[in-house]
Amino acid sequence: MKSFACGDVVPGCTASWVSSTDDEILVLVAQHASAAHGIETVSPELAQSVMDRIVVVS
Ligand SMILES: [Zn+2]
């Protein structure tokens, strides 16, 4: 499984996700970024920084 914590990119945010694929996490993060942080569009740079911080969990 893959895991990502929004707080790794947005200090103070406690949202985190666990999913089987990177793509699924990116979709969930995009929804959260829009709803919680007012980020309408996930730029390639933001997507990359999310990808860089996704960790593998068992
Ligand atoms: Zn967040």
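Counting convention: from 1, in listed order, for ligands and their atoms alike.
- No option in Leu28, Val9, Val55, Val18 other than Val9 meets the side chain to side chain contact (heavy atoms under 4.5 Å, CB included) test with Phe4.
- The distance from the CD atom of Gln48 to the CG atom of Leu26 is 9.5 Å, given to the nearest 0.5 Å.
- A donor-acceptor pair is defined here as one N or O able to donate and one able to accept, closer than 3.5 Å; such a pair exists between the side chain of Ser49 and the backbone of Leu46.
- In this structure, CD in Gln31 is found 14.0 Å from CD1 in Ile39, a value given to the nearest 0.5 Å.
- For the Zn ion (ligand 1), protein N/O/S neighbours under 2.8 Å (waters excluded) are Cys6 SG, Cys13 SG, His32 NE2, His37 NE2.
- Pairs of residues two or more places apart, or lying in two chains, that qualify as side-chain hydrogen bond (donor to acceptor under 3.5 Å, both in side chains) and include a residue from residues 3-20 are Ser19-Glu24.
- Taken to the nearest 0.5 Å, the NZ atom of Lys2 stands 6.5 Å off from the CD1 atom of Ile54.
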